[in-house]
Colleague: 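Here's a structure for you.
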There are 2 protein chains.
Amino acid sequence: MDAVDRQIIAALRENGRATYADLGRKVGLSASAVHERVGKLEATGVIVGYHAVVDPSSVGLGVTALISIHPTDTADDNEVALALAELTEVESCYRVAGDESFIVKVRVPTVDELERSLGALRKIPGVARTRTTVVLSTRFEGRPNTTTVGLDA
Amino acid sequence: MDAVDRQIIAALRENGRATYADLGRKVGLSASAVHERVGKLEATGVIVGYHAVVDPSSVGLGVTALISIHPTDTADDNEVALALAELTEVESCYRVAGDESFIVKVRVPTVDELERSLGALRKIPGVARTRTTVVLSTRFEGRPNTTTVGLDA
DNA sequence: TGTGAAAATCAACTACA
DNA sequence: TGTAGTTGATTTTCACA
């Protein structure tokens, strides 16, 4: 991992469909050298994948909520996590320190669906209580942080 | 937006570097037809962009925290949001309903940096109080929700 | 909207410094 | 690791159904 790798990573975070030739021009290497580097970054798990980002409301998912999940005394975190993964509306799932055990982000078409979804969450064994915060607007999301990407670490 | 568009979207969310030829084979269209459709989905803002997803700790961002931001009585939400956008460590920013005005996700290299980052947050005019929840592990994140993508809506 | 064909570009592999 | 060259696939555009 050197400065060139970090440049490539930054470029691919910006545009995941950039061609190797594009990347090569940007970092001053040939396309095949970039190809080689990207392959290694993928193989070593630095680059996890490439995804199209879609406007949620365009695909009928206009309601976003952040939900804190408080565990019961006997809750098994792994089982709760597996049950959360079963719910397709749960887009992200974080195991956290503090009173709650998990914080999840949920996307659903309507508030009716949110209500139904909360019902499903509360039925999960190990879930004692939930606290729901409805997102009014997403100012930005998943923005690339290139703070350390430009440094040698 | 028909069922074929939704299939294409689902495929591109899964693999943002899929070729038009691949997508065509998957949905039963020619590459040029897919090219045409994807161009329209991009132009109409359904597909917002394509991004490589990077393992945060591989780029020196091993600490993730979710921070609730409580506003002062006189806070201007837009100004707060703009100030939050200036902080590169703030990866996502949600305006929410409830006591807090914003919930942000922050990624930093170390807990020391988290402390420094919290100091920066609290200096923002309009920010009265923050509540920080440290992420212990990310079970999954930004997972594609294809619930409605397969339907006609 | 779609197909099919053509030219330019690119991916992926191979030698070789 | 890198460049350069090669081959087959892909992108992109265009005429046309």
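Just so we're on the same page: letters track the sequence lines, and every chain starts at 1. Scope of the values below: all heavy atoms of this structure, side chains included, with no hydrogens, waters or symmetry mates. Values in this document were obtained by computation on a predicted structure and should not be read as measured data.
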Colleague: Expressed as a whole number of angstroms, how long is the span from R37(A):CZ to dT1(D):P?
Modeller: 7 Å
Colleague: Going by modelled atom types, is there a donor-acceptor pair between the base of dG2(D) and the side chain of S32(A) at under 3.5 Å?
Modeller: no
Colleague: Among dT3(C), dG2(D), dT10(D), which is the nearest nucleotide to the side chain of A21(B)?
Modeller: dT10(D)
Colleague: Would you kindly say whether S92(B) and R143(A) are connected by a side-chain donor-acceptor distance under 3.5 Å?
Modeller: no
Colleague: Can you tell me how far P of dA9(D) sits from OH of Y20(B), to the nearest Å?
Modeller: 20 Å
Colleague: With no hydrogens and no angle check, just 3.5 Å: does a side-chain donor-acceptor pair link R139(B) and N78(A)?
Modeller: yes
Colleague: Quick one: L29(B) CG to dT11(D) C1', roughly how many Å, whole number?
Modeller: 16 Å
Colleague: Please report, rounded to the nearest Å, how far the P atom of dA12(C) is from the CG atom of D22(B).
Modeller: 10 Å
Colleague: Strictly below 4.0 Å: does S30(A) bring a side-chain N or O up to OP1 or OP2 of dA4(D)?
Modeller: no
Colleague: Taking atom CD as the centre, does E14(A) end up with more than 12 heavy-atom neighbours from other residues, nucleotides or ligands that are less than 6.0 angstrom away?
Modeller: no
Colleague: Which one, dA11(C), dT1(D), dT1(C), comes nearest to the side chain of R17(B)?
Modeller: dA11(C)
Colleague: Measure CD/E42(B) against P/dT11(D) and give the value in whole Å, please.
Modeller: 12 Å
Colleague: Rounded off to whole Å, could you give me the CG-to-P distance for the L23(B) and dT11(D) pair?
Modeller: 8 Å
Colleague: In this structure, how many angstroms lie between the C1' atom of dG2(C) and the CG atom of D2(B), rounded?
Modeller: 12 Å
Colleague: If you compare every side-chain N and O of H35(B) against the phosphate oxygens of dT12(D) (OP1, OP2), does one of them come in below 4.0 Å?
Modeller: yes
Colleague: May I ask you to decide if E113(B)'s main-chain N or O and S117(B)'s side chain share a donor-acceptor pair within less than 3.5 Å?
Modeller: no
Colleague: So does R25(B) get a side-chain nitrogen or oxygen closer than 4.0 Å to the phosphate oxygens (OP1/OP2) of dT10(D)?
Modeller: yes
